[in-house]
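Since we're looking at a predicted model, the values are computed, not measured. Proteins get letters first, then strands, A, B, ... in listed order; numbering begins at 1 in each.
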There are 2 protein chains.
Amino acid sequence: MTDRATDRPPGPTTPKAQGIAAEVRRRIVEREWRQGDRIPDEADLATEFGAARATVNKALQLLADEGLLDRRRRAGTRVAPAPIRKATFTIPIIREQVEQAGMAYAHRVVSQRLAPPPAALAVRLGLARDARLIHLVTVHEGDGRPFQYEDRWLNPAAEPELATVDFRQMSANEWLVRNAPYLRADIAFHAANASARDARLLDIAPGRAILVLQRTTWNEAGPITSVRLACHPGFVMTAEA
Amino acid sequence: MTDRATDRPPGPTTPKAQGIAAEVRRRIVEREWRQGDRIPDEADLATEFGAARATVNKALQLLADEGLLDRRRRAGTRVAPAPIRKATFTIPIIREQVEQAGMAYAHRVVSQRLAPPPAALAVRLGLARDARLIHLVTVHEGDGRPFQYEDRWLNPAAEPELATVDFRQMSANEWLVRNAPYLRADIAFHAANASARDARLLDIAPGRAILVLQRTTWNEAGPITSVRLACHPGFVMTAEA
DNA sequence: GGATTCGATAAGTCTATACATATCTCGCGC
DNA sequence: GCGCGAGATATGTATAGACTTATCGAATCC
């Protein structure tokens, strides 16, 4: 947009593929092409837009990833009958989340000890009942008030450096995000009434509704960590499509 | 890798770009290339993998989208210092959600009437206080028991066909997913203690923690719909990375 | 010393071409 | 009529080459 320079006539130079994607998206949204319709093939669109087929392919690929188009070899490209749209949210570093909200961040380790996993966890992670894990409970604070509290199990077998980290210096959340890339993650959230323990650690009344995130990450050596993250009441998680 | 023509057996022939992406991902996860490191440039990797630069570009693009790499012109490609990972979840058709859980789906329109938007909503949607919206309250049931209940405002100005749909036949949720592609969506969730109304419509005790989704979608003509979706206690939303 | 300019570099994009592959369609033989 | 194999066709993927653009870093000028 802000692209004065020598001032080429039209201006901002959007990549061609994106321009094509936008135009196709418009035709779908404005019902020029309706749900289930077959749209012209790549070669025809390439001619129409004065682009190479590879460029049109990129554009349509993009819309297929968005869920707006269904594409099959030989069968052609159709407007998805039920556009299954996806939303994405980012897994944040809690410190940054707090600081972006304009609060001063601090975190406090409530307990840390070596322990074998509870039965349910051992099953879920596929670990032996006598595996040696680190159990860590931490409260994240904003302006001195509890913001989120995490109950986390760490598996040094999958990530040896874990055994040497001082989690009072850097929270496990941040250390992991910065140092332990993972191959696979499971994420789930639900609402829960605050238990006595939740209430005490978050400094709220028992029974208040809190948002709970469960997250487990794996690398090639096995599960790295599994965490239950309880958010302060009023916490809103946002995503975009 | 498995790419001799004379040797079919291996089978599914993974695309080369994906193979390269997998190998780069492995080098990152196994710390061959550490957070913040600059990795070889596209031309070098192309030589190493015996591929064209465009193919390597595609592979690295992929990893950048995943959040594992930071790429900048001239500056080169680096392993992201804090791999900001994204998780995606799909916006489902509630009927399919219920049926996948093996329950019989039904829905029931609790109320439907034309009304101007409440002040807060008008502001949020950027509509005039006297806009004519449809206010619709629906309960989705699985095996005869309330599963989710939605409190929805629909804007026929952005989607004229809305005025003619019979929402007892097909739920607004499903009609919209199938018929009203959107350009932009806002999604947010939080936990809430069930109000008296929530409790009555979901057939639960007041105060129970419920997961609440707020979703608003727009097309080029303005906001299409804004919905508050209250899920039955115990509902778990899952996502993947 | 500090700001400015300019050239080199690496990613970003597009093109033209080629071949691979899934799958639809049609015609053949029974 | 029906199954089956042979094409035709649209997308999937890879290729080399060209040009564009952001930006780093060094040489230059005040």
| message | Once side-chain hydrogen bond (donor to acceptor under 3.5 Å, both in side chains) is applied, do any residues pair with B/Gln214, and if so which ones, sequence neighbours excluded? | response | none

Is any side-chain N of the basic residue among [X] and [Y] closer than 4.0 Å to the acidic one's carboxylate O?
| X | Y | answer |
| --- | --- | --- |
| A/Glu161 | B/Arg34 | yes |
| A/Asp143 | A/Arg145 | no |
| A/Glu220 | A/Arg184 | no |
| A/Arg25 | A/Glu30 | no |

| message | Tell me the interatomic distance from A/Asp70, atom CG, to C/dT23, atom P, rounded to whole angstroms. | response | 13 Å

| request: Quickly work out the B/Arg78 CZ to D/dC24 C1' distance and round it to whole Å. | output: 11 Å

| field | Base-contact (B) and sugar-phosphate-only (S) positions in nucleotides 5-15 of chain C, heavy-atom cut-off under 4.0 Å, - elsewhere | value | ----BBBBBSB

| task | Quick one: list whatever passes salt bridge (charged side-chain N to carboxylate O under 4.0 Å, His left out) with B/Arg228, sequence neighbours left out. | result | B/Asp198

| note | Contacts of B/Glu174 meeting salt bridge (charged side-chain N to carboxylate O under 4.0 Å, His left out) (sequence neighbours excluded), chain-then-number -> B/Arg95, B/Arg178

| field | Pairs flagged by ring-ring contact (aromatic ring centres under 6.0 Å, His included) wherever residues 151-175 of chain A is involved - sequence neighbours left out | value | A/His135-A/Trp153

Under 3.5 Å, which N/O atoms of the protein pair with N/O atoms of nucleotides 3-5 of chain D?
none

